[in-house]
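Quick notes on the structure that follows.
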Amino acid sequence: MLDLLPDLFDHYPEKLTLLVNPWRSFGAKSIFFGEIVTVKCFEDNSMVKSELAKPGQGKVLVVDGGGSNRRALLGDMIALNAYENGWEGIIINGCVRDVGTINEIQIGVQALGSNPIKTEKKDVGEVNINIDIAGVNIAPGMMIYADLNGIAVSKHPLDLSILQ
């Protein structure tokens with residue numbers, strides 16, 4: 001399968017909300033989906049690192065970095081750790097770095113852009129709270145679906161067997 005969102009919107013238009021942002025796809029996995037875990041932080045990726053160090057099978061970390069393009073909230077070492085811990089993907093409302101290496105890791109990553117500057121670690125941020133990205137309220141436990149066409153959220157898991 002090369003595309004997910006067009007078929008999902010064809011079958012479930014009333015159950016999906018598109019996150020309209022200029023997303024860029026990174027990582028070697030262009031299609032990913034899972035249960036949402038949230039982090040809210042600004043130019044400090046301490047909570048991103050600690051969440052992705054936990055088991056993440058069937059989950060996607062959604063990070064509200066306030067849209068900042070001044071520092072990267074995800075780098076290659078944290079992305080590799082996330083992959084090794086079974087995370088499906090990572091969505092950053094902000095920037096990533098080490099793009100060449102992240103593109104080789106079998107994990108889905110979408111972000112607003114890239115920036116080579118790392119964050120300062122101050123252990124500041126919040127985990128598993130409701131966040132707002134692109135005017136959409138995103139709560140932990142919701143589902144997120146991403147591909148090269150964009151990113152959409154749903155309050156409940158969708159039956160993907162209709163796609164076969």
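Any value given below was found using the heavy atoms of this structure, including those in side chains, with hydrogens, waters and symmetry copies removed. Quick note: residue numbers are just sequence positions, from 1. Just so we're clear, the structure is a prediction, and the values are computed from it rather than from any experiment.
- Nearest heavy-atom pair, G67 versus L112, reported as atom, atom and distance to 0.1 Å: CA-CD1, 3.8 Å.
- Here F32 pairs with nothing under the ring pair (Phe, Tyr, Trp, His ring centres under 6.0 Å) rule; sequence neighbours left out.
- Among residue pairs with one or both ends in residues 126-148, those qualifying as side chain to side chain donor-acceptor pair (under 3.5 Å) are D147-N149; sequence neighbours excluded.
- Under the 3.5 Å distance criterion, the side-chain polar atoms of N85 are matched with a main-chain donor or acceptor of N81.
- Using a 4.5 Å cut-off on side-chain heavy atoms (C-beta onward), S114 and R24 make contact.
- At least one side-chain heavy atom of V136 sits under 4.5 Å from a side-chain heavy atom of I138.
- The shortest distance between side-chain heavy atoms of L19 and N93 does not fall below 4.5 Å.
- Considering only heavy atoms from C-beta on, E35 stays 4.5 Å or farther from E88 through its side chain.
- Side-chain atoms of S154 come within 3.5 Å of backbone atoms of K15 as a donor-acceptor pair (strictly under, hydrogens ignored).
- Under the 4.5 Å side-chain contact rule for hydrophobic residues, L18 and V60 do not share a cluster.
- Listed by first and then second residue, the ring pair (Phe, Tyr, Trp, His ring centres under 6.0 Å) pairs involving residues 42-65 amount to none (not counting sequence neighbours).
- Considering every non-hydrogen atom in both G94 and A111, the closest pair reads O-CB, 3.5 Å.
- Under the 4.5 Å side-chain heavy-atom criterion for Ile, Leu, Val, Met, Phe, Trp and Tyr, I129 and M143 are members of distinct hydrophobic clusters.
- To the nearest 0.5 angstrom, I117 atom CD1 is 10.0 Å from C95 atom SG.
- Rounding to the nearest 0.5 angstrom, the gap separating the CG atom in D44 from the OG atom in S68 is 11.5 Å.
- The number of heavy-atom neighbours closer than 6.0 Å to NZ of K122, taken from other residues, nucleotides and ligands shown, is 12 or below.
- Among pairs with a residue in residues 65-77, those fulfilling salt bridge (Lys or Arg N to Asp or Glu O under 4.0 Å) read E43-R70, R71-E120, at least two apart in sequence or across chains.
- With T119 contributing its side chain and N45 its backbone, the two residues share a donor-acceptor pair below 3.5 Å.
- Contacts classified as side chain to side chain donor-acceptor pair (under 3.5 Å) and involving residues 94-108 (residues at least two apart or in different chains) are not found.
- Checking side-chain atoms of N21 against main-chain N and O of W23 turns up no donor-acceptor pair under 3.5 Å.
- Through direct or indirect side-chain contacts shorter than 4.5 Å among Ile, Leu, Val, Met, Phe, Trp and Tyr, W87 is connected to F26, V37, V39, M47, V48, L52, L61, V63, L73, L74, I78, L80, Y83, I90, I92, V96, V99, I102, I105, I107, V109, V127.
- Put simply, the side chain of N69 never gets that close to the backbone of G113: no donor and acceptor are under 3.5 Å apart.
- Looking at heavy atoms from C-beta onward, L5 lies out of side-chain contact with D7 at the 4.5 angstrom threshold.
- Once rounded to the nearest 0.5 Å, the distance linking CD1 of I91 with CD1 of I36 reads 7.5 Å.
- Residues L160 and L16 fall within the same hydrophobic cluster, defined by Ile, Leu, Val, Met, Phe, Trp and Tyr side chains chained together at heavy-atom separations under 4.5 Å.
- A distance of 11.0 Å separates CD in E51 from SG in C41, rounded to the nearest 0.5 Å.
- No single ILVMFWY cluster, assembled from side-chain heavy atoms under 4.5 Å apart, contains both Y12 and I144.
- Criterion: ILVMFWY side-chain heavy atoms under 4.5 Å apart, direct or through other members. Under it, L4 and L148 are not part of a common hydrophobic cluster.
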